[in-house]
Every structure is written in C-alpha cells, then in structure tokens.
Amino acid sequence: MNPFRLVIKELIYRKVSSIIILLTVIAASTVSVAVYTLSKASENETRKIMREQGLNLYIFPKGTDLIDFYSVNNTLTFPENYVDVLANSKTFDAVRHLTGILQLKYPNWIDPNGSSHQIVVMGYKDEAMQRFLSKQETMGFDVAKGTVHVGAHLSVNIPENETFEIRGTNGELYEFEIAKRLAEGKGMIDQGVAFNLDDLQEILDMEDQINKIEALGCVCHDGRINNARSQVQIIFSDLEVTEISSIADARENQRLMMNKYGSFIIPFILLISLLISGMLFYSNVSTRKYEIGIFKAMGNSKSFILFMFLFKAFILGLLGSIAGFFIGSWLAEYFGKEIFRFTSMSIKPLWSIFGYGIIIFPLLWMLSSWIPALLASQVDAAKTLSQD
Amino acid sequence: MLEVKNITKTYTKNGSTFTALNDVSLNVDKGDFAAIVGPSGSGKSTLLHTIGGLIKPDLGQVFYKGENVYEKNNRNANLYRKKSIGFVFQQFHLLPYLSVFENIRMSDGKKANKKSIEYYLEKCLLLSLKNKYPSELSVGEKQRTAFIRAIISEPDILLADEPTGNLDPENSRILMSLITDFHKKGGTVLLVSHDAESANYASRKITLQQGKLI
C-alpha cells in the first residue's frame with residue numbers, strides 16, 4: 001500500500017493527537033509570523049516617523065554652538081557646493097538624503113495685518129543624489145523657485161489666496177506664491193517659512209552659503225553614525241556631524257524593544273510547541289507498537305517505519321506553517337493597524353517568510369518526531385506480537 | 001526447506017535468566033503442517049518468531065532453503081519475511097484506520113492485487129465487508145481478514161501463533177479449514193496452539209516443554 005496514503009489515513013484516524021500537534025505548529029507559526037511582521041512594521045514605522053520628523057543627522061560647521069544656532073540670526077556658514085562634494089564622494093556612504101539648508105532667524109517679519117514677528121526662514125537646496133549609491137525617493141522639502149511652504153503657526157496670520165511677502169537685507173520687498181500651507185507638528189518650520197535655497201540666499205544676500213546639511217543616518221546602533229562622522233571628517237575637517245538623538249533613540253529603542261520581545265517569545269513558543277509535539281509523537285509510538293510490529297513482521301524496513309513517522313510530522317508541519325502564516329499575518333494586520341499609525345495600510349502578508357515557513361516548520365517538526373521515530377524503528381516486533 | 005539447528009534463546013528480566021528455547025533442532029519440509037504444542041511459557045511463540053526472522057537466537061541457526069536467515073543482510077532479511085513468511089496472530093493486529101480491503105492490500109506484494117484479494121474475500125465470506133473497518137467486524141471476521149493478509153502474497157510458510165485463541169468454536173473451525181486449504185495447496189504451516197482440536201488439523205506435532213523438544 002502506498003505509504004503516503006497510509007500516513008494520511010493514520011493522521012485522520014487519530015484526529016485528536018493530530019489536531020493537537022497541528023495546533024502546536026499553528027501556534028508557533030502564527031506567533032513567529034505575527035511577531036516578525038509586526039517587527040517589520042515597527043521598523044517601517046520608525047523609518048516613516050523619521051521621515052515625518054525630518055532628517056536625523058545635522059552637519060554643521062565645526063564650532064557651531066547649537067544653542068546659538070537656534071536663537072541667533074547669524075551663524076557660521078559654509079559653501080553650498082560642500083553638499084555636492086559629499087554626494088559625489090565614493091567614500092561617503094554612511095548617510096542618505098543630503099540636503100543643504102540655510103536656516104536663520106528672521107527677526108522682523110511683518111504679516112499682512114501689519115504685526116511684526118520673529119520667524120524662522122529655511123532655504124532648501126534640492127536633495128543631492130549620491131553618485132555612488134542607488135537612487136531613492138527624495139525626503140526633504142522640495143520647494144520650487146518663486147514659491148514658499150508656510151509653517152502652520154505662520155499660516156494663521158496669512159489669509160487664503162494671499163502671497164507671502166518678505167523684505168530682503170537690501171530693503172527690497174520679495175513676493176512668493178504660497179505653494180503649501182504645512183500641517184502642524186513639523187518641528188521648527190511650524191513657525192517659519194521654507195524657501196528654495198537660491199531665493200533665500202538672494203533675500204539674505206548670502207550667495208552660495210548654507211549653514212547646515214541635513215541627512216538621514218541609519219537608525220541603528222551599529223556604529224554607522226560614528227562612521228558618518230569619520231567619513232565627513234576625512235572630506236571636510238571644518239564640518240561636524242550631530243545626531244538628533246532624542247528622536248532617533250526613542251524610535252530605535254521602540255524597535256529594539258520589539259525585536260527583544262520577539263527574540264524571546266518566538267523561541268519560547270517554538271520550544272514549548274516542539275516539546276508538546278515531541279511528547280505526542282512519543283505517545284503515538286506507544287499507541288502504535290503493535291502496528292509497528294506488524295509492519296516489521298510483514299518485512300517492512302526500519303526506514304519505512306522512520307518514514308511513516310517523519311512524513312506525518314512533515315505533513316503536520318507543512319499544514320501548520322501555512323495556516324500559521326495566514327493567521328499570523330491577519331493578526332499582525334489587525335493589531336498593527338491599531339499600533340502603527342503611519343504604516344498601518346502597508347502591513348501586508350510578508351510572502352518572503354512564507355517560503356521560509358514552509359521549509360523551517362516541517363523540518364522542525366520532523367526533528368521533534370525524530371527520537372520517537374527512531375524508537376519506533378527499534379520496536380521489537382517479536383516482543384509486541386508474541387503470545388508467549 | 002526449513003532447518004532449525006540447535007537454537008537457544010535466553011531472556012534476562014530483573015536479574016534472573018529465563019531460557020525460552022534450549023538447544024532446539026527440527027526440520028520442516030515443504031508442505032508440512034506442524035502444530036507446535038506445549039504449556040504456556042514453553043517457548044512455542046519464541047520458536048515461531050525465531051523461524052520467522054523476528055528473534056535472533058543466542059546460539060544455533062535457522063536455515064531456509066539452505067541459507068542462514070540470521071546471516072542475511074537487512075534487505076534480504078526483510079525480503080524473507082515479506083515473500084516467504086506469513087504471520088497470523090491471536091490478536092489479529094489489523095490496522096484500525098484501514099478497511100478490510102486495505103488491511104489485506106498493505107501486504108504490498110505483487111500478488112496482493114484487487115482480483116486476488118476479492119477471490120480470498122469471497123472465499124472467506126468477507127467480500128461484502130471489504131470496505132468495513134476493523135471496529136465494525138466480529139472477531140471471526142477480523143481473524144479471517146488477518147489470515148488473508150498473511151497468505152495474500154502466497155508465502156511458502158504460514159506461521160500461525162494461537163490463531164484460534166480468541167475465536168469461538170464455529171469461527172475456529174472456519175479459520176482452521178482455511179488454513180487447511182492453504183496447506184492443501186502446497187503451503188507449509190507451523191501452528192502454535194493450546195487448543196487440541198486445532199492441533200489435530202496438523203499432520204505433525206512438535207511438543208515443547210521448558211524450551212526443549214520432547
């Protein structure tokens with residue numbers, strides 16, 4: 001008789017133990033898939049939040065006092081072509097999304113009602129494409145010439161359909177179309193205006209000057225920020241890298257915590273599930289010792305008996321891994337939508353782990369049935385079948 | 001065809017040694033129908049299983065067609081049991097998740113084809129039950145199924161270990177007549193039995209007492 005059919009029939013006949021073993025695989029697979037999917041979602045969430053919050057690395061002229069940088073209207077500057085030099089460097093690959101910025105306090109901006117305000121003005125150079133790295137979607141403000149993006153607090157003072165006016169250091173009044181009124185919560189720009197860099201340089205008479213480069217460094221604790229620092233130092237010794245650590249750390253810690261729990265929960269559930277399955281496989285051997293005796297008496301080999309037990313474990317592992325994948329993905333999607341605000345819509349089944357699952361779980365469950373299967377192959381047929 | 005030469009088998013349990021077979025020798029010719037009789041614990045089943053290749057004796061040899069059964073490699077030893085030997089046990093040992101037909105089919109010999117199985121099922125009054133499971137059968141029906149399973153691949157030797165032990169007289173008679181049919185067609189039968197009536201079907205009696213032939 002076809003041994004595959006034999007295994008399937010036995011599996012169906014001993015429903016209870018088969019279902020319990022199947023449930024252990026499903027539990028392990030579900031938890032693994034759900035935790036992994038949520039961990040990936042957390043990673044994406046962190047990345048998205050970083051993008052929302054802005055770039056996490058600032059490159060300043062060496063000696064810049066960060067307190068001054070945010071409070072005074074003139075800081076150390078450097079040529080904007082530094083950005084291009086960095087972008088074209090083969091050795092500078094630790095950060096992405098290099099954006100040259102000129103950011104200053106503008107102490108006396110007069111709103112359309114005639115009131116005076118101190119605002120932040122930021123001029124954005126188009127994000128530099130790094131010559132030796134793969135292309136990627138731009139992250140920073142993309143402000144077209146002749147237009148501005150107005151921060152949420154400032155926007156309140158400018159009626160709809162009005163243009164944005166600002167007086168240059170030469171006394172001339174400049175007028176810009178408001179291309180975007182930004183939502184609240186964008187950081188410093190809430191109380192400021194984003195210009196195209198060329199426009200702001202002209203207003204402030206600071207041709208070719210910027211005072212910081214924003215960039216996105218890897219949000220990870222593997223020393224790549226230090227790497228970024230040393231890479232910048234090699235090219236421009238007059239610049240230094242500062243990490244906006246509060247945001248980066250918070251998000252990174254969140255992600256690491258998730259991974260930490262995952263790295264405990266997954267092996268724990270796996271171990272418990274494998275132990276339960278192993279015991280059930282063992283009990284299956286005891287239940288079937290007469291059957292095994294008959295197989296041997298009928299001339300079936302030890303490898304045939306091994307195969308029957310291992311194939312049973314394989315089938316249960318395979319079915320459980322498939323079911324667990326879909327349940328785990330569904331759970332991740334269900335709970336992920338509650339947890340992750342930015343990436344909720346992109347939490348989808350990770351098909352790449354489906355492939356791993358249908359290989360790993362059957363193998364693990366075959367491993368858990370290995371000792372029982374070996375014991376089965378060693379059953380003394382004469383002893384179990386004898387009447388003496 | 002079968003030569004058992006000076007076989008001895010001892011078991012050790014809880015520190016004490018028990019000799020199940022003590023220097024037993026016998027010859028079985030093709031077409032023999034021998035009943036192995038003796039009291040409980042006399043070594044009847046041990047002898048049967050030793051002949052069937054399931055218990056390796058501590059001393060002595062079992063020759064089948066001139067070849068020592070216990071010097072065969074694993075593959076040939078399995079083939080010996082698969083092709084040359086058919087076992088029937090008191091407890092039937094049918095697989096509970098297979099139907100009557102499938103239990104017989106699991107013999108896996110080329111001769112275990114549908115036509116041949118149905119021939120024996122009809123002969124043993126089981127044809128209408130071929131799709132039933134062991135739990136739906138009477139003990140007599142179970143033993144007849146086990147009997148067909150043992151002989152379906154047309155083995156040279158049928159080793160029957162107390163086959164009527166669980167049967168009522170009527171079912172015992174039916175089974176013994178089936179075994180007799182097998183024998184009449186040229187099969188060799190070694191029957192272990194407590195039951196004198198069943199043993200009377202045999203043309204030869206081998207008596208064991210405390211592991212020795214008497």
Side-chain angles (χ1 to χ4, degrees), chain A residues 1-19 21-22 280-281 283-309 311-313 315-316 373-374 376-388, chain B residues 9 11 20 38 40-50 52-56 74-75 77-99 101-109 112 133 146 149-150 153 155 159 161-163 165 192-194 208:
Chain A
M1 187 175 187
N2 183 340
F4 295 95
R5 195 172 147 76
L6 209 60
V7 172
I8 302 289
K9 289 213 107 183
E10 194 275 335
L11 218 147
I12 295 166
Y13 176 74
R14 297 199 168 91
K15 286 184 199 75
V16 176
S17 82
S18 300
I19 288 173
I21 296 172
L22 185 64
L280 287 169
F281 281 126
S283 130
N284 190 238
V285 172
S286 305
T287 311
R288 298 172 68 186
K289 62 181 181 176
Y290 294 108
E291 194 184 308
I292 297 161
I294 276 292
F295 279 124
K296 285 194 163 181
M298 291 173 70
N300 290 295
S301 62
K302 285 180 180 177
S303 52
F304 173 85
I305 290 157
L306 262 178
F307 169 83
M308 283 207 312
F309 282 86
F311 184 62
K312 178 179 176 175
I315 290 180
L316 292 171
L374 269 183
S377 73
Q378 304 299 325
V379 162
D380 184 342
K383 214 172 183 175
T384 57
L385 302 173
S386 180
Q387 306 303 323
D388 229 1
Chain B
K9 180 70 189 174
Y11 295 107
S40 285
S42 58
K44 302 185 299 290
S45 292
T46 305
L47 177 61
L48 205 71
H49 291 136
T50 306
L54 293 177
I55 298 175
K56 189 177 181 181
N74 281 341
R75 189 174 169 274
N78 290 336
L79 275 177
Y80 165 68
R81 286 197 298 273
K82 189 177 276 206
K83 295 200 182 298
S84 309
I85 304 289
F87 279 102
V88 183
F89 301 95
Q90 182 179 346
Q91 298 295 340
F92 334 123
H93 300 311
L94 297 175
L95 271 59
Y97 48 88
L98 298 183
S99 67
F101 185 89
E102 289 166 333
N103 260 291
I104 299 166
R105 184 86 174 83
M106 68 179 266
S107 277
D108 210 26
Y133 285 84
R149 180 180 65 188
S153 56
L159 301 177
D161 191 1
E162 304 275 11
V192 165
S193 185
H194 269 112
L208 275 173

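Just so it is clear: chains get the letters A, B, ... in the order the sequence lines come, proteins before strands, and each one is counted from 1.
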Would you mind telling me which of A:L11, A:V16, A:N284, A:L280 makes a side chain to side chain contact (heavy atoms under 4.5 Å, CB included) with A:I21?
A:L280
Among A:K383, A:R5, A:E291, single out the residue with the greatest number of heavy-atom pairs under 4.5 Å to chain B.
A:E291
Part of B:Y133 lying under 4.5 Å from any heavy atom of chain A
side chain
Between A:R288 and A:V379, is there a side-chain heavy-atom distance shorter than 4.5 Å?
no
Dump the intermediate steps for side chain to side chain contact (heavy atoms under 4.5 Å, CB included) on B:L208 and B:L47, then the final yes or no.
CA-CA 9 Å; B:L208 275 173; B:L47 177 61; 3.9 Å; yes
At a 4.5 Å cut-off on heavy atoms, which part of A:L6 comes close to chain B: side chain, backbone, both, or neither?
both
Contact between A:N300 and B:K82 at the side-chain level, heavy atoms closer than 4.5 Å - yes or no?
yes
Most heavy-atom pairs under 4.5 angstrom with chain A, which of B:G52, B:G53, B:P96?
B:P96
